[in-house]
Trainee: 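Mind having a look at this structure? Questions to follow.
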Amino acid sequence: MQTGYCYLLLAALSLSALAQFVPPYTEDCRRGTYPPSGPTFKGIVPWYKINLDLAPRVRWNQLINEKKVELTSLIQVIKELANDFFPSGKLIEIVDNSLPPLVDTLPSPFNEEIKGIADVSGVPLGEVMLFNIFYEVFTVCTSLVAEDNAGRLYHARNLDFGLFLGWDIKNSSWKIPEYLRPLTVNLNFQRNNKTVFKSTNFAGYVGMLTGMRPGMFTLTMNERFSIDGGYIGIIEWILGKRDSIWMSFLTRSVLENATSYAQAKDKLANTEMLAPAYYILGGNQSGEGCVITRSRTATLDIWELDIKHGTWYVLETNYDHWKDPLFLDNRRIPAMKCMNQTTQANISIETIYDVLTTKPVLNKLTTYTTLMEISEGTFESYLRDCPNPCMPW
């Protein structure tokens with residue numbers, strides 16, 4: 001099983017290197033794809049309220065009750081993939097026996113929230129914890145912040161997830177995104193019946209990857225591939241080094257507690273983390289937009305909008321913007337080509353959706369697209385698909 005999977009993976013890598021710049025795996029920049037419809041659109045992401053006034057252990061109950069079947073199905077697929085690589089079943093045994101005691105080492109409210117999700121779903125606590133760990137190491141994305149000629153700021157992202165996690169030969173798709181789409185939800189986090197922040201997320205996952213603090217800032221997080229990556233941080237955490245924060249927990253903490261673009265930027269740039277990341281941050285004033293490139297311990301670069309010098313957008317995939325992307329995975333150049341063809345004069349929610357619908361920016365890993373515009377409070381999320389022919393990533 002493992003040998004066959006390795007051969008398939010090598011074949012996919014070889015074909016991708018050849019195909020990524022060749023039609024029909026790439027294409028001219030799309031136009032007129034908004035409002036979403038057609039085969040790349042799988043539905044509008046539903047909304048749920050999370051009441052922050054409730055105790056952490058029960059605040060997810062309604063959502064998890066509604067999504068427990070879908071969550072259980074995804075966890076089962078993750079376990080099957082783990083058993084493909086470790087047929088003895090030892091890995092899941094370790095997850096079920098060794099991870100539950102570590103939940104108490106997580107900061108509040110995340111520890112109690114994960115316990116509550118396990119209570120309601122019936123999924124073993126260690127497996128809920130595993131589900132939350134996955135996002136520290138398997139997220140591949142495209143995020144951008146752009147400013148139009150009137151000073152309006154737009155922030156958007158494709159969330160691509162599940163790289164190398166179970167290729168379904170029959171359906172030409174990755175297994176994990178297929179099971180994640182039914183778990184994708186928009187969340188309105190409220191305190192005293194007032195919105196604190198909004199997020200697109202997966203039911204059962206307590207960190208945040210995409211969000212808006214209405215009227216103040218927008219935020220997305222992309223994984224940063226690095227030798228000193230998330231695996232190292234997770235191992236250190238398991239072994240007892242717990243002075244760093246999970247990158248998705250930091251995203252949520254900033255969305256929940258920061259009250260300005262400057263405050264959010266400072267927190268994202270100066271907090272020690274378990275995994276390297278890119279934080280893509282947009283504000284509510286002209287020029288407030290940046291990509292913060294993080295190692296686990298330091299900020300390596302802050303790339304900012306600079307309207308006077310022609311930088312009207314910043315765009316991040318999963319590679320340092322001052323370096324060439326991996327030759328097997330060049331979503332950056334097609335995305336920037338489409339942004340440049342659109343021009344600042346014509347940038348809008350509609351044209352940004354066009355950019356994020358163009359292959360290979362849209363690919364087999366793409367689970368959802370979120371579109372945000374801070375001045376009007378626009379927050380829209382759509383489930384996505386990339387029918388054949390389409391790049392695996």
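We use all heavy atoms of the structure for the numbers below, so side chains are in, but hydrogens, waters and symmetry mates are not. In this chain, residues are counted from 1 in sequence order.
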Trainee: Check Asn132 against Gly204 and note the closest heavy-atom contact, atom names and distance.
Mentor: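 So the two residues come closest at ND2-O, 3.1 Å.
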
Trainee: Would you check if there is a donor-acceptor pair between the side chains of Thr195 and Asn188 at a distance under 3.5 Å?
Mentor: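 Looking only at side-chain atoms, Thr195 and Asn188 do form a donor-acceptor pair, the distance falling under 3.5 Å.
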
Trainee: Does either side chain, that of Glu350 or that of Ser348, offer a donor lying less than 3.5 Å from an acceptor on the other one?
Mentor: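 Yes, because at least one side-chain N or O of Glu350 sits under 3.5 Å from a partner of the opposite role on Ser348.
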
Trainee: Side chain of Arg296, backbone of Pro276: donor and acceptor closer than 3.5 Å?
Mentor: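 Flag not set: sc Arg296 to bb Pro276 has no pair under 3.5 Å.
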
Trainee: Would you say the side chains of Asp354 and Thr357 form a donor-acceptor pair under 3.5 Å?
Mentor: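 No, no side-chain donor-acceptor contact under 3.5 Å.
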
Trainee: Return the set of residues passing salt bridge (charged side-chain N to carboxylate O under 4.0 Å, His left out) with Lys265 (not counting sequence neighbours), or none when no residue passes.
Mentor: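 For Lys265 the salt bridge (charged side-chain N to carboxylate O under 4.0 Å, His left out) partners, ignoring immediate neighbours, are Glu304.
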
Trainee: Go through the structure and list residues passing side-chain hydrogen bond (donor to acceptor under 3.5 Å, both in side chains) with Arg332, not counting sequence neighbours.
Mentor: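 Residues passing side-chain hydrogen bond (donor to acceptor under 3.5 Å, both in side chains) with Arg332: none at all.
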
Trainee: Using a strict cut-off of less than 4.0 Å between a Lys/Arg side-chain nitrogen and an Asp/Glu carboxylate oxygen, indicate whether Glu272 and Lys241 qualify as a salt bridge.
Mentor: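 Counted as a salt bridge, because a side-chain N and a carboxylate O are separated by less than 4.0 Å.
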
Trainee: Residues two or more places apart in sequence or in another chain: which of them pass ring-ring contact (aromatic ring centres under 6.0 Å, His included) with Tyr313?
Mentor: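 Applying ring-ring contact (aromatic ring centres under 6.0 Å, His included) to Tyr313 gives none.
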
Trainee: Can you establish whether the number of heavy atoms outside Asp28 located under 6.0 Å from its atom CG is more than 12?
Mentor: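 No, because the 6.0 Å sphere around CG of Asp28 holds 12 heavy atoms or fewer from other groups.
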
Trainee: For the CG atom of Leu130 and the CD1 atom of Ile133, what is their distance to the nearest 0.5 Å?
Mentor: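 The CD1 atom of Ile133 is 6.0 Å from CG of Leu130, to the nearest 0.5 Å.
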
Trainee: Within a reach of under 6.0 Å around NZ of Lys68, are more than 12 heavy atoms found that belong to other residues, nucleotides or ligands?
Mentor: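 Counting neighbours around NZ of Lys68, more than 12 heavy atoms of other residues, nucleotides or ligands fall under 6.0 Å, so yes.
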
Trainee: With sequence neighbours excluded, tell me which residues meet side-chain hydrogen bond (donor to acceptor under 3.5 Å, both in side chains) with Glu112.
Mentor: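 Once residues adjacent in sequence are excluded, the partners of Glu112 under the side-chain hydrogen bond (donor to acceptor under 3.5 Å, both in side chains) criterion are Lys115.
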
Trainee: With Thr311, which residues qualify under side-chain hydrogen bond (donor to acceptor under 3.5 Å, both in side chains), at least two apart?
Mentor: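 Partners of Thr311 by the side-chain hydrogen bond (donor to acceptor under 3.5 Å, both in side chains) criterion come out as none, since no residue qualifies.
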
Trainee: For Asn318 and Asp329, test the side chains for any donor-to-acceptor distance below 3.5 angstrom and give the result as yes or no.
Mentor: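 There is no such pair (donor and acceptor under 3.5 Å, judged by atom type) between the side chains of Asn318 and Asp329.
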
Trainee: Among all residues two or more places apart in sequence or in another chain, which pass the side-chain hydrogen bond (donor to acceptor under 3.5 Å, both in side chains) test with Asn388?
Mentor: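 Scan of Asn388 (side-chain hydrogen bond (donor to acceptor under 3.5 Å, both in side chains), adjacent residues dropped) gives Lys364.
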
Trainee: Quick check on Asn193: does its CG atom have over 12 non-hydrogen neighbours (other residues, nucleotides or ligands) under 6.0 Å away?
Mentor: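 No.
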
Trainee: With sequence neighbours left out, which residue pairs that include part of residues 268-300 fulfil the ring-ring contact (aromatic ring centres under 6.0 Å, His included) condition?
Mentor: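 For residues 268-300, and leaving out neighbouring residues, there are no ring-ring contact (aromatic ring centres under 6.0 Å, His included) pairs at all.
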
Trainee: For a quick check under 3.5 Å, do Asn158 and Thr369 share a side-chain donor-acceptor pair by atom type?
Mentor: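 Asn158 vs Thr369: donor-acceptor pair found between side chains.
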
Trainee: Side chains of Thr142 and Arg331: donor-acceptor distance under 3.5 Å anywhere?
Mentor: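 Indeed, the side chains of Thr142 and Arg331 share at least one donor-acceptor pair under 3.5 Å.
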
Trainee: Tell me if the centroids of the rings in Tyr261 and Phe217 come within less than 6.0 Å of each other.
Mentor: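 So the answer is no for these two rings.
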
Trainee: Which residue pairs satisfy the ring-ring contact (aromatic ring centres under 6.0 Å, His included) criterion with at least one member in residues 283-309, sequence neighbours excluded?
Mentor: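 Every ring-ring contact (aromatic ring centres under 6.0 Å, His included) pair that includes a residue of residues 283-309, provided the two are not neighbours, is Trp303-His321.
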
Trainee: Tell me the disulfide (SG to SG under 2.5 Å) pairs involving residues 310-372, sequence neighbours left out?
Mentor: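 Output for this query lists Cys29-Cys338.
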
Trainee: Could you check if a side-chain atom of Val103 sits within less than 4.5 angstrom of a side-chain atom of Leu125, using non-hydrogen atoms only?
Mentor: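 Val103 vs Leu125: side chains touch.
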
Trainee: Regarding Glu288 and Ser286, do their side chains bring together a donor and an acceptor under 3.5 Å, going by distance alone?
Mentor: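 There is no such pair between these side chains.
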
Trainee: Mind checking salt bridge (charged side-chain N to carboxylate O under 4.0 Å, His left out) for Arg252 and listing every partner two or more places apart, or none if nothing turns up?
Mentor: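 Glu113, Glu256.
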
Trainee: Linking directly or through intermediates, with side-chain heavy atoms under 4.5 Å: list the remaining ILVMFWY members grouped with Val45, chain and number order.
Mentor: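 Its cluster partners, ordered by chain and number, are Leu383.
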
Trainee: State which residues pass disulfide bond (SG atoms under 2.5 Å apart) with Cys386; sequence neighbours excluded, sorted by chain then number.
Mentor: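 Cys390.
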
Trainee: Can a donor-acceptor pair be found between the side chains of Thr367 and Arg181 at a distance below 3.5 Å?
Mentor: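 Judged by distance alone, the side chains do not pair up.
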
Trainee: Yes or no on ring pair (Phe, Tyr, Trp, His ring centres under 6.0 Å) for Trp60 and Tyr48, after CA distance, side-chain angles and deciding distance?
Mentor: CA-CA 10 Å; Trp60 295 89; Tyr48 292 84; over 10 Å; no

Trainee: Assign the ring pair Tyr382 / Phe41 to parallel, tilted or perpendicular, where the plane angle (0 to 90°) is split at 30° and 60°.
Mentor: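 Correct class here is perpendicular.
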
Trainee: Can you find a pair of side-chain heavy atoms, one from Glu147 and one from Tyr154, that are under 4.5 Å apart?
Mentor: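 They are not in contact (no side-chain heavy atoms under 4.5 Å apart), so the answer is no.
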
Trainee: Are there more than 12 heavy atoms of other residues, nucleotides or ligands under 6.0 Å from atom OH of Tyr319?
Mentor: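 Atom OH in Tyr319 is packed in, count exceeds 12.
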
Trainee: Just by distance, with hydrogens left out, do Ser381 and Thr200 show a side-chain donor and acceptor under 3.5 Å apart?
Mentor: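 Yes, Thr200 and Ser381 have a side-chain donor paired with an acceptor closer than 3.5 Å.
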
